[in-house]
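Notes follow once the structure below has been shown.
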Amino acid sequence: MFWAYSDLYSVFVAWFVCTTVLIGAIWFPKASKPGEKYQCFIVRGGITIIFTTFAYFGVLFLDTVIKEAAGIITPNNLNYHLGPMILLAIVAILILFASVFNAPTVRTLVSFGAVLGVYVYFFWFSDALLDNEMKPIYIPPLYILAAVAALEVAVLVVRAIRKPHVTTKPWRECWQEMLFTDEPLWDLSARFKRWISVKVWVVLWVLFSAEFILDFNGYSLLSWVPGAYIYWAGILIVAGLLLGIFIAYKKHRPANPFVPPGEEAPTLE
Amino acid sequence: MEPASRGGTRKPLKTYIRTAVVGIALTLVLFSPIYGYIGIVYAKEQSAPLAKPPYVHWNGLLPQSQVYISWESDQNQSSYVAYGTSQENLQFNVADATLVGMHTMLLTGLDPDTQYYYRVGNASGQWASEVRTFWTAPQPGSGKDFSFCITSDTQQMWGTGHYAAIVSTINSYTDNAFLVDAGDVGEYTNDQHDWNNYWAETAPLTDHIPIVPDPGNHDVGDHSDNSWEDNMYTKYFGISYSTPTLSGHFYSFNYSNCQFVMAEIAAVGDVDPNTPFNQQQDQWINATLQAGQLQDFRILVFHRAPYSSNGNDQTLIDRIMPIVETYNVSLVFYGHQHIYDRYYIANRTLICLGGGGGLQNAFIIPQAGQQITAMGPSFTKVYVNSTAILLKTYTPTFELIDQVILNKIGSNVLPDVVI
């Protein structure tokens, strides 16, 4: 069953994602600061649930962009979809990075596998969501959270069996050691903190707010640009040619005849 | 020694309160685009005036010689219409001394294909409008070229929606014979403010072109009770078909070489072919289309969607497609699903015109026979001459979304060019 959740509805969902991120930044400021973590396991559990749901929305937004770009709708009014598609692609990459690929543990990646599994089932092989436009927003996340909860319980059971002494500790320490001591496989948070900062989310929130108000009024952020795909095919061809020329120039730049091979050109300093 | 709190030194209560107040304020700011925007458009809807300038419609009439002129006043008044073929000399008039708020006056004995001017007011000589104009329809079979605009689902939930943008773009044409609205004219069946807003937004068109409406599920209920007639749609467009055994909002008219059949397939209960009303209406549709066989083209308009990229309605397909094929219907227009779709099925073209004003659909599901799907605001401009129908679908920024020519080949109308 091949179908897409429209970019116009996805814009509303993305607006709620941005709003939730910013509300989180207001009430739980440590969550957005690298190296700082909440100790309360309820807060950490809540943040995990929210980010797992965000990962689902990230996949949903990317899927929408890919299906629409692949031609499920006519590209003749591309100017009405270009703005939402660009914004959705950006926010999808950001939330997937923030929720999964920033500093994933093995458990994070397994949970993301559950997200992908549930998504592929509902959006590629099932029509169970097609009788109500709200269902894609809340039904798959419920299945995902159930799957992730099952995975977490399995992890707890395995760890309790392998490290029985931990279960004898006070319950706070026990939870801490059982659930929050996994080492990330990699950690890119310091390198990419500029891109997943509150400022970036504020900008996205403003753009999504503008986009959905324009949608309601029959316009879009980029509805003033040419709409027919033929214009954009031309623009992309010209841009591709210029990029190719630039890359070729950088790669095959003629050597400075005044500098012997293997030496750097002298500077004025 | 005072025990240290978990977070180090305990902060004073005032700091917590200040943090909470700032947090709540910022959270409210984050939601301001939604409640701010909806608040503004809702206030605009609520403030749309009850008094409405006059508009022309011809539901159930012969538009070559008859039209209704309707308007609404905010106080009960008598009704008076002065009209004529010259703007300076409105030599004819009709009057009604009954004091009413909703005025509907029937003009008869008009000449076909003629521009009329009119002005409305009351019997005391107070005018309620400037001089406005309309054209009567050309004679059936006259073969005169004409064009019109068609859209659907112009409904504005709480005043939100893009109908005003559509109206503004349609208004840039000077050659529209009329505007067809294929249903869901308003959002709320009995909400006066909702309909005030609809008329306020349609006002740029109603001063010079007639409105040709068809009811949608947001306009009327089904015929199992009186909800089909007890609504704002009836208030503003009347009951177009009324006999002792059958009444409804369906009607037909001929315009030049084209027959228009406006069916009432609006509410959920209007789909089932076995209800008494639907059986009787189908008999009327069959008889009307049979009578229209001498016309070059037959255009069938109703509201609910048999085919759409939100899913097909097999019951409606089974009911409608035999009629479409038997009576060689040239073109089928409908709405209901908020998306633009064009289908070519059984050598017939069917178009879903859901881009008139309401929020667009959430789902895009490719279907068999689908030629094009476009999400976003749209309306369709239709040009008719004796050999072809040309359809052009645009966005409010005049981007051409879809274009198709239906050439008349013998008794058939087949798509010849698809762009």
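All chains are named by letter (A, B, ...) in the order of the sequence lines, taking the proteins before the strands, and each is independently numbered beginning at 1.
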Nearest heavy-atom contact between B:G23 and A:W27 is C-CZ2, 3.3 Å
Chain A shares the most heavy-atom pairs under 4.5 Å, among B:G355, B:P366, B:A374, with B:P366
Closest non-hydrogen contact found for B:I364 with A:E68 is CD1-OE2, 3.7 Å
d(A:L130 CG, B:N310 CG) to nearest 0.5 Å is 8.0 Å
Separation between CD1 (A:I72) and OG1 (B:T373), nearest 0.5 Å, reads 8.0 Å
Shortest non-hydrogen pair, A:F16 vs B:I34, comes out as CZ-CD1, 3.9 Å
Value for CD1 (B:I339) from CD1 (A:I73), rounded to nearest 0.5 Å, stands at 7.5 Å
**Study point:** More than 12 heavy atoms from other groups under 6.0 Å of OH on A:Y121
**Key:** no
The interface call for B:I24 against chain A, heavy-atom contacts under 4.5 Å, is both
Here the gap from A:I26 atom CD1 to B:L26 atom CG, rounded to the nearest 0.5 Å, amounts to 4.5 Å
dist A:I213:CD1 -> B:I38:CD1 (nearest 0.5 Å) comes out at 9.5 Å
For A:W15 and B:L30 the tightest heavy-atom approach is CZ2-O, 3.3 Å
Side-chain heavy atoms of A:W224 within contact of B:T397, under 4.5 Å: no
Rounded to the nearest 0.5 angstrom, the CZ-CE distance for A:F216 and B:M157 is 6.0 Å
Looking only at heavy atoms, the pair that brings A:L129 and B:F363 closest together is O-CZ, 3.2 Å
- Under 6.0 Å from the CH2 atom of B:W158, do we count more than 12 heavy atoms belonging to anything else shown? no
Bottom line for A:V206: the part with an atom under 4.5 Å from chain B's heavy atoms is neither
Closest non-hydrogen atoms of A:N77 and B:M375, given as atom of the first, atom of the second and distance, are ND2-O, 2.9 Å
When the 4.5 angstrom heavy-atom criterion is applied to B:N361 and chain A, the contacting part is backbone
Quiz prompt | Enclosure of A:Y143 OH (heavy-atom neighbours >12, cutoff 6.0 Å) | solution = no
Turns out that what part of B:A164 lies under 4.5 Å from chain A's heavy atoms comes down to neither
request  = Please examine the side chains of B:P33 and A:W205, heavy atoms only from C-beta on, and report whether any two atoms are closer than 4.5 Å.
outcome  = yes
Of the listed B:Y37, B:Y340, B:Y163, the one with the largest count of heavy-atom pairs under 4.5 Å with chain A is B:Y37
Check your understanding: Is the closest side-chain heavy-atom distance between A:F12 and B:L359 below 4.5 Å?
Key -> yes
Okay, B:F31 and chain A: the region with an atom under 4.5 Å from a heavy atom over there is both
Turns out that what part of A:N79 lies under 4.5 Å from chain B's heavy atoms comes down to side chain
Q) Under the 3.5 angstrom rule, does the side chain of A:T74 hit a backbone N or O of B:I372 as a donor-acceptor pair? A) no
